[in-house]
Trainee: 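A single structure is presented below for examination.
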Amino acid sequence: MELSRRRLFGYSGVTLAAGAAAGAGLVSVAHAGDDRPADEEAVPFYGAHQAGIATPVQDRLHFAAFDVVTDDRNRLIRMLKEWTASAAAFTGGHPYGSAAGGLGDSPPDDTGEALGLPPARLTLTIGFGPTLFEKDGKDRFGLKAKRPAALIDLPHFAGDNLDPARTGGDICVQACADDPQVAVHAIRNLARIGFGVVSVRWSQLGFGKTSSTTPDKQTPRNMFGFKDGTRNIAGTEAKALDQHVWASGSDGAAWMAGGSYVVARRIRMHIETWDRTSLQEQQDIFGRTKGEGNAYGAKSEHDPVPLGKLPATSHVRLAHPDSNGGVRILRRGYSFTDGTDGLGRLDAGLFFIAYQRDPRKQFVPLQNKLAGNDAMNEYVQHVGSGIWACPPGVRKGGYWGEGLFT
Ligand code: HEM
């Protein structure tokens with residue numbers, strides 16, 4: 001690989017210096033240009049599981065899908081090491097390398113727009129898509145044998161109208177933070193660091209979380225105005241997380257133990273039609289009231305759901321675990337509005353994100369059922385999609401996906 005001036009003095013220099021000097025007091029090189037202690041509001045980056053899954057949902061999202069544009073496995077690994085070091089810096093509230101104090105005759109290492117901002121609970125979560133393991137019949141990186149059986153190519157679901165430009169991707173990174181500038185800064189700098197190795201295939205900004213993983217807090221509302229995430233897996237439910245979210249070594253792919261599979265769907269919501277629909281019909285579609293969010297036949301939002309009292313085609317009745325042999329998923333989606341659709345309507349909807357232990361047993365049967373029967377289908381359309389295997393958390397000194405490449 002060409003060793004440009006930028007790689008010598010830019011981010012590569014930072015990693016070499018930080019790696020060689022770990023324990024020798026020079027690691028602060030990675031935080032040059034920012035001497036503010038940045039521990040407040042920081043979510044720990046290292047751990048058994050990646051942050052950003054069971055972590056209490058932050059306010060904002062920048063989700064990016066990347067294509068790998070090199071066939072060079074070693075370059076890819078080097079980039080993943082760089083990404084890991086930079087992700088650790090960003091989530092700690094630091095720039096990666098120098099944002100303003102470096103050499104005057106080369107671009108700064110870090111783009112700088114997050115300087116002075118708190119970490120805002122930033123989490124960065126990486127996933128590897130099916131095409132990283134095999135694309136057009138080619139085993140580009142010698143990973144084919146390591147593809148987990150659970151990392152399927154998603155089937156076509158009834159009503160899907162997927163835009164190839166918003167679907168798939170070899171790698172995904174989910175950036176969540178309470179400040180959109182912090183999330184965007186992280187994705188922008190990962191893309192910049194990965195120049196020549198990856199390119200952004202598509203990305204999605206999200207606001208207004210549509211799911212809660214903290215049931216004791218006020219449940220957020222989606223673009224239909226309904227509380228969303230009432231019955232979700234909470235980040236504190238260790239047993240449910242083990243059962244439904246974290247992959248286990250015994251599931252088949254040893255390198256995925258402690259990881260999870262993410263399915264993302266860009267779901268357009270036809271809010272203009274919805275807004276002309278009667279309150280009664282809106283409520284019948286979910287089987288819950290709009291104000292309190294109680295299920296039909298129940299008093300309060302968090303009361304058990306008496307399924308028989310809900311309309312047969314209501315979303316909640318169809319999606320409830322008792323209608324699906326106990327299947328649960330961890331939802332972590334966000335609302336979006338991306339301008340207009342050129343027809344006088346907002347291009348608005350829900351960027352659905354779900355984490356699970358095995359999509360073959362969780363998202364796929366659930367979505368098959370919803371796609372075929374859900375009364376909500378009249379008002380929504382799935383227009384983008386992706387599935388990725390998110391490896392377990394990183395230990396200090398390791399890197400994102402280490403188990404996959406070793
Ligand atoms: C625009 C699309 C969607 C909207 C507006 C929406 C909205 C809602 C709302 C308002 C609830 C009730 C509150 C709650 O328990 O969280 C709910 C529950 C749920 N939804 Fe969705 N949803 C959408 C798509 C999906 C998809 C694609 C899936 C899975 C394939 C899904 C799975 C679930 C599940 C599992 C529940 C909890 C059911 C229960 O345990 O009672 N949703 N959704």
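Computation of the quantities below employed the complete heavy-atom set of this structure, encompassing side-chain atoms and omitting hydrogens, waters and symmetry-equivalent molecules.
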Trainee: Using 0.5 Å steps for rounding, measure from the OG atom of S86 to the CE atom of M79.
Mentor: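 Separation between the atoms: 9.0 Å.
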
Trainee: Identify the two heavy atoms, one from G291 and one from K227, that lie closest to each other, and give their separation to 0.1 Å.
Mentor: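 In terms of heavy atoms, the two residues are closest at O-CE, 3.7 Å.
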
Trainee: Quick one: pull up CG in L366 and CG in D374 and give me the separation to the nearest 0.5 Å.
Mentor: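 Reported value, rounded in 0.5 Å steps: 10.0 Å.
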
Trainee: Taking the side chain as every heavy atom from C-beta outward, state whether R121 and P56 have any atom pair closer than 4.5 Å.
Mentor: yes

Trainee: Given D284, which of Q280, Q282, R288 fulfils the side-chain contact (heavy atoms from CB on, under 4.5 Å) condition?
Mentor: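 Of the listed residues Q280, Q282, R288, the side-chain contact (heavy atoms from CB on, under 4.5 Å) partner of D284 is Q280.
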
Trainee: Do side-chain atoms of W255 reach the backbone of K146 as a donor and acceptor pair under 3.5 angstrom?
Mentor: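 Yes: the side chain of W255 pairs with the backbone of K146.
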
Trainee: Using a 3.5 Å distance criterion without hydrogens, assess whether the side chain of D303 forms a donor-acceptor pair with backbone atoms of A295.
Mentor: no

Trainee: Any side-chain to backbone donor/acceptor pair from W202 onto G169? Under 3.5 Å, distance only.
Mentor: no

Trainee: Which residues pass the salt bridge (charged side-chain N to carboxylate O under 4.0 Å, His left out) test with E113, not counting sequence neighbours?
Mentor: R188

Trainee: Under 4.0 Å between a side-chain nitrogen and a carboxylate oxygen: does that hold for D338 and R266?
Mentor: yes

Trainee: Taking NZ, NE, NH1 and NH2 as the nitrogens, is one of them in D136 or K138 under 4.0 Å from a carboxylate oxygen of the other?
Mentor: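 No, no charged N to carboxylate O under 4.0 Å.
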
Trainee: Less than 4.5 Å apart, any side-chain heavy atom of R328 and any of Q243?
Mentor: no

Trainee: Taking only residues two or more places apart in sequence, or in another chain, which ones meet R345 in a salt bridge (charged side-chain N to carboxylate O under 4.0 Å, His left out)?
Mentor: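 Testing R345 for salt bridge (charged side-chain N to carboxylate O under 4.0 Å, His left out), a comparison that skips the adjacent residues, returns D341.
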
Trainee: Would you check if the side chain of R332 reaches a backbone N or O of T55 as a donor-acceptor pair within less than 3.5 Å?
Mentor: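 Answer holds: yes.
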
Trainee: Looking only at atom types and distance, does a side-chain atom of S98 sit under 3.5 Å from a main-chain N or O of G101, one as donor and one as acceptor?
Mentor: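 Indeed, once roles are kept as given, a pair shorter than 3.5 Å links the two residues.
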
Trainee: Could you check whether the rings of F90 and Y96 sit parallel, tilted or perpendicular, using 30° and 60° as the cut-offs?
Mentor: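 Plane angle over 60°, so perpendicular.
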
Trainee: Please check: side-chain N/O of E237 versus main-chain N/O of A234, any donor-acceptor pairing under 3.5 Å?
Mentor: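 Confirmed, E237 side chain pairs with A234 backbone.
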
Trainee: Side chain of D72, backbone of R75: donor and acceptor closer than 3.5 Å?
Mentor: yes

Trainee: Which heavy atom of P148 sits nearest to which heavy atom of A253, and what is that distance?
Mentor: CB-CB, 3.8 Å

Trainee: Is the side chain of S323 donor-acceptor paired with the backbone N or O of A319 at a distance under 3.5 Å, no angle test?
Mentor: no

Trainee: N324 versus P365: any side-chain heavy-atom pair under 4.5 Å?
Mentor: no

Trainee: Between CG of L122 and SG of C176, what distance do you get to the nearest 0.5 Å?
Mentor: 8.5 Å

Trainee: With a 4.5 Å limit on heavy-atom distance, are the side chains of M376 and F286 in contact?
Mentor: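 In short, these two side chains touch, coming nearer than 4.5 Å.
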
Trainee: From L350 CG over to N222 CG, what is the distance, rounded to the nearest 0.5 angstrom?
Mentor: 6.5 Å

Trainee: Could you tell me if E301 and T230 have a donor-acceptor pair between their side chains, going purely by distance under 3.5 Å?
Mentor: yes

Trainee: Can you see which heavy atom on D242 is nearest to which on R357, and at what distance?
Mentor: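 Where D242 meets R357 most closely, the heavy atoms are O-NH1, 3.3 Å.
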
Trainee: Flag the pair F207 / D59 as yes when at least one side-chain heavy-atom distance between them is below 4.5 Å, and no otherwise.
Mentor: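 The answer is no; the side chains never approach within 4.5 Å.
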
Trainee: Do Y296 and S314 get their side chains close enough for a donor-acceptor pair, meaning under 3.5 Å?
Mentor: no

Trainee: Is it true that D67 and S199 share a donor-acceptor pair across their side chains at a distance under 3.5 Å?
Mentor: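 Result is no, nothing qualifies.
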
Trainee: Can you list the steps and then say if D139 with R147 is a salt bridge (Lys or Arg N to Asp or Glu O under 4.0 Å)?
Mentor: CA-CA 11 Å; D139 184 4; R147 177 172 172 176; over 6 Å; no

Trainee: What do you reckon, is NZ of K290 surrounded by more than 12 foreign heavy atoms closer than 6.0 Å?
Mentor: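 Buried by this count: over 12 neighbours within 6.0 Å.
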
Trainee: Less than 3.5 Å apart, any donor N or O on the side chain of Y334 or Q204 sitting next to an acceptor on the other?
Mentor: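 Per modelled atom types, Y334 and Q204 side chains form no pair under 3.5 Å.
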
Trainee: So which atom in P118 and which in V182 form the shortest heavy-atom distance, rounded to 0.1 Å?
Mentor: O-CG2, 3.7 Å

Trainee: Is it the case that the side chain of D170 and the backbone of V68 share a donor-acceptor pair, with hydrogens and angles ignored and the cut-off at 3.5 Å?
Mentor: yes

Trainee: For Q58, which of T123, D178, D179 qualifies under side-chain hydrogen bond (donor to acceptor under 3.5 Å, both in side chains)?
Mentor: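 So the option named by the test is T123.
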
Trainee: Assess whether atom NZ of K369 is packed by more than 12 heavy atoms of other residues, nucleotides or ligands within 6.0 Å.
Mentor: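 For K369, atom NZ is crowded (more than 12 foreign heavy atoms under 6.0 Å).
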
Trainee: Mind jotting down which residue pairs meet the salt bridge (Lys or Arg N to Asp or Glu O under 4.0 Å) criterion with at least one end in residues 375-395? Sequence neighbours excluded, please.
Mentor: R395-E402

Trainee: Checking side-chain polar atoms at under 3.5 Å, does D160 have a donor or acceptor matched by the opposite partner on H382?
Mentor: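 Absent: no donor and acceptor within the cut-off.
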
Trainee: If you measure only the distance, is there a donor-acceptor pair under 3.5 Å linking the side chains of T313 and N373?
Mentor: no

Trainee: Should H315 and F226 count as side-chain neighbours, where that means a heavy-atom distance under 4.5 Å?
Mentor: no

Trainee: Among side-chain atoms of Y355 and Q50, is any donor-acceptor pair under 3.5 angstrom?
Mentor: no

Trainee: How far does CH2 of W246 sit from CG of L330, to the nearest 0.5 angstrom?
Mentor: 8.0 Å

Trainee: If only atom types and distance count, is the side chain of N232 paired as donor or acceptor with the main-chain N or O of R331 below 3.5 Å?
Mentor: yes

Trainee: Tell me yes or no: between the side chains of D110 and H94, is some donor less than 3.5 Å from an acceptor?
Mentor: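 No, H94 and D110 have no side-chain donor paired with an acceptor closer than 3.5 Å.
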
Trainee: So, taking the atom named CZ in F363 and the one named CG in L154, what distance separates them when rounded to the nearest 0.5 Å?
Mentor: 6.5 Å

